[in-house]
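The shown structure was predicted, so the numbers you read here are calculated from the model rather than taken from an experiment. Just so we're on the same page: letters track the sequence lines, and every chain starts at 1.
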Number of protein chains: 2
Amino acid sequence: MASSTVENYLKHVLLLSAGGDGLVSMGALAGALAVVPGTATTMVKALADGGLVEHRPRHGVRLTAAGRRLALGVLRKHRLVETFLVNVLKMDWAAVHAEAEQLEHAISDDVLDRLDALLGHPATDPHGDPIPSRQGQLDSQVYATLATCVADKTLRVVRVTDQSAEFLQFVDQTGLLPGTALRVASRNLAAGLVTLKRPGARPLALSLAAAGNILVAPAR
Amino acid sequence: MASSTVENYLKHVLLLSAGGDGLVSMGALAGALAVVPGTATTMVKALADGGLVEHRPRHGVRLTAAGRRLALGVLRKHRLVETFLVNVLKMDWAAVHAEAEQLEHAISDDVLDRLDALLGHPATDPHGDPIPSRQGQLDSQVYATLATCVADKTLRVVRVTDQSAEFLQFVDQTGLLPGTALRVASRNLAAGLVTLKRPGARPLALSLAAAGNILVAPAR
DNA sequence: AGATTTATTTTGACTACTCAAAATAGGCCG
DNA sequence: CGGCCTATTTTGAGTAGTCAAAATAAATCT
């Protein structure tokens with residue numbers, strides 16, 4: 001398994017390569033990791049040996065497919081942990097980053113999946129940063145889910161992410177198909193409930209887990 | 001801050017010093033940490049330099065007050081994390097030990113306090129092991145085991161002391177979880193067997209060795 | 001093109017932790 | 001008491017990651 005040091009290098013290469021051509025300079029990487037440039041060079045060469053990055057000497061570093069997969073996994077852990085700390089443990093918005101920095105390296109995939117379900121499969125963390133999917137998709141087009149969006153805005157269902165037969169049947173029967181306009185009447189995190197209001201229909205209560213599988217956008 | 005390695009050494013010295021005079025042998029410590037004896041010696045000398053343990057060469061090692069304080073903090077984290085994983089994330093009884101082993105070193109005191117509150121300040125973890133208080137008090141009540149108590153009293157399981165996944169799974173499947181009421185129907189020392197009777201369940205035979213890992217108290 | 005600035009890489013050294021295997025000390029048994 | 005068995009310690013060496021500072025390559029600016 002990758003050490004936390006390796007995970008940190010990969011995560012920061014991913015974050016720094018967001019804009020631009022994907023090549024990250026040694027200086028930027030060293031700065032982000034709070035190490036001297038020589039250390040970053042040494043480490044990047046080791047990562048390149050391991051096939052996790054491509055190193056173009058004196059030019060920069062870029063993730064390979066394998067490195068990107070790992071980096072996205074770390075980012076997913078980081079952002080889901082942040083969301084947990086804020087939504088469940090009610091921690092300060094500003095304090096959670098440092099906490100997550102530690103926990104992202106200690107949490108297993110199993111625990112992560114359960115956390116994800118508990119939180120209702122959020123699309124973004126409390127700061128609005130998109131959370132990579134389990135499969136490593138990082139949506140640049142970010143939608144809110146019914147589990148995370150604020151009350152009283154008029155919304156439109158855009159996508160249903162749980163493909164299980166039972167859930168799709170439920171969505172069909174309750175008329176929550178993509179395109180439906182609705183409004184979140186209330187959210188009760190303690191009870192794990194979301195109440196929806198649709199024009200010309202009875203209010204509908206939904207578990208947070210279920211609501212997390214329904215992506216919405218502001219109604220045009 | 002103490003490294004996870006240091007935290008692990010201290011935690012295991014604490015756990016191993018439970019019985020006996022508090023002196024832990026190098027062999028036992030090395031075994032618990034899965035390192036060769038020479039490594040344990042080297043590390044213990046470093047801990048002694050740091051004032052966390054007292055090293056009596058060729059005799060053993062014991063925690064200082066400072067070391068004990070740290071070790072109890074780690075144990076508190078471990079057991080609260082286990083409780084969270086089982087009670088909130090509904091994880092398997094037998095799997096949480098390994099998870100907690102990682103998380104205990106990554107979780108801050110702030111997060112721990114909030115977890116503690118969320119769980120309702122539990123006194124024991126899911127295995128029945130006592131959780132040290134925030135101030136470092138460890139409830140060390142002595143319980144009888146199923147291997148030693150007399151027949152025909154009504155008892156209640158309070159704690160399971162073998163943390164191996166196999167044993168925990170067995171306990172789970174046979175329904176001997178902490179809280180369960182039962183009665184020792186017979187003890188056969190020659191055969192090394194204990195037979196249990198539970199209300200509404202079939203009698204269950206157990207080896208003395210296994211029975212020794214299940215702590216019980218008189219049912220109120 | 002030549003000189004200078006700036007980023008990067010190299011080199012040598014250090015800390016923390018580990019193992020393998022040789023050396024040693026304690027306890028015990030006759 | 002003397003010898004042996006066993007646990008412990010020592011020694012020498014290796015891995016992962018780091019820094020300080022010298023060497024080098026790239027880019028820029030006359």
Side-chain angles (χ1 to χ4, degrees), chain A residues 1-13 16-17 19-63 66-67 70-71 74 101-102 104-106, chain B residues 1-13 16-17 19-63 66-67 70-71 74 101-102 104-106:
Chain A
M1 220 196 356
S3 69
S4 358
T5 308
V6 167
E7 290 188 347
N8 269 329
Y9 273 83
L10 296 177
K11 182 184 72 175
H12 280 111
V13 173
L16 291 169
S17 64
D21 56 354
L23 258 194
V24 176
S25 79
M26 281 302 157
L29 184 56
L33 288 158
V35 297
V36 300
T39 300
T41 300
T42 310
M43 196 62 201
V44 160
K45 284 205 296 185
L47 294 178
D49 280 353
L52 296 172
V53 302
E54 176 194 347
H55 183 204
R56 306 234 351 258
R58 305 233 172 229
H59 289 275
V61 62
R62 142 189 8 253
L63 293 174
L70 252 79
V74 178
E101 208 70 16
Q102 300 304 312
E104 69 190 5
H105 308 296
Chain B
M1 217 199 353
S3 69
S4 357
T5 309
V6 168
E7 289 188 347
N8 270 329
Y9 273 84
L10 296 177
K11 182 184 72 173
H12 279 111
V13 173
L16 291 170
S17 64
D21 56 354
L23 257 194
V24 176
S25 79
M26 281 302 157
L29 183 57
L33 289 157
V35 297
V36 301
T39 301
T41 300
T42 310
M43 195 63 200
V44 160
K45 283 205 295 187
L47 295 177
D49 281 351
L52 296 173
V53 301
E54 176 195 347
H55 183 204
R56 306 229 356 254
R58 301 216 117 99
H59 289 276
V61 62
R62 133 182 25 245
L63 293 173
L70 252 78
V74 178
E101 208 71 15
Q102 300 304 310
E104 69 191 4
H105 307 297

*asked:* Given B/Lys11, which partner from the list B/Leu16, B/Leu70, B/Leu33, B/Val74 fulfils the side-chain contact (heavy atoms from CB on, under 4.5 Å) test?
replied: B/Val74
*For B/Ala2 and B/Val6, which heavy atoms make the closest approach, and how far apart are they?*
CB-CG1, 3.9 Å
*First locate atom NE2 of B/His55, then atom CE of B/Met26, and finally report the distance between them rounded to the nearest 0.5 Å.*
3.5 Å
Show each protein N/O and nucleotides 18-20 of chain D N/O combination with a separation under 3.5 Å, one pair to a line.
from   : atom 1 : to      : atom 2 : distance (Å)
D/dT18 : OP2    : A/Tyr9  : OH     : 3.2
D/dC19 : OP2    : A/Val36 : N      : 3.1
D/dC19 : OP2    : A/Thr39 : OG1    : 2.8

*At their closest point, which heavy atom of A/Tyr9 faces which heavy atom of A/Thr39, and how far apart are they?*
OH-CG2, 3.7 Å
*Atom of A/Val44, atom of A/Val53 and distance for their closest heavy-atom approach*: O-CG2, 3.8 Å
*How close or far is atom P of D/dG17 from atom CG of A/Leu47, stated in whole angstroms?*
8 Å
_On a heavy-atom basis, which atom in A/Leu23 and which in A/Gly60 lie closest, and how many Å separate them?_
CD2-C, 3.6 Å
*Nucleotide range of DNA chain C contacted by chain A, 5' to 3', under 4.0 Å to a heavy atom?*
C/dA7 to C/dT10
*Spacing between A/Leu10 atom CG and D/dG17 atom P, to the nearest angstrom*: 11 Å
*Which pair of heavy atoms, one from B/Ala30 and one from B/Pro37, lies closest together, and at what distance?*
CB-CA, 3.8 Å
*What's the shortest heavy-atom distance between B/Val13 and B/Val24, and which atoms?*
O-CG2, 3.6 Å
*Separation of A/Asn8 CG from A/His105 NE2 (nearest 0.5 Å)*: 3.5 Å
*Which of residues 50-62 of chain B have a heavy atom under 4.0 Å from DNA chain D?*
B/His55, B/Pro57, B/Arg58
*A/Lys45 has an atom NZ; how far is it from atom P of D/dG17, in whole Å?*
15 Å
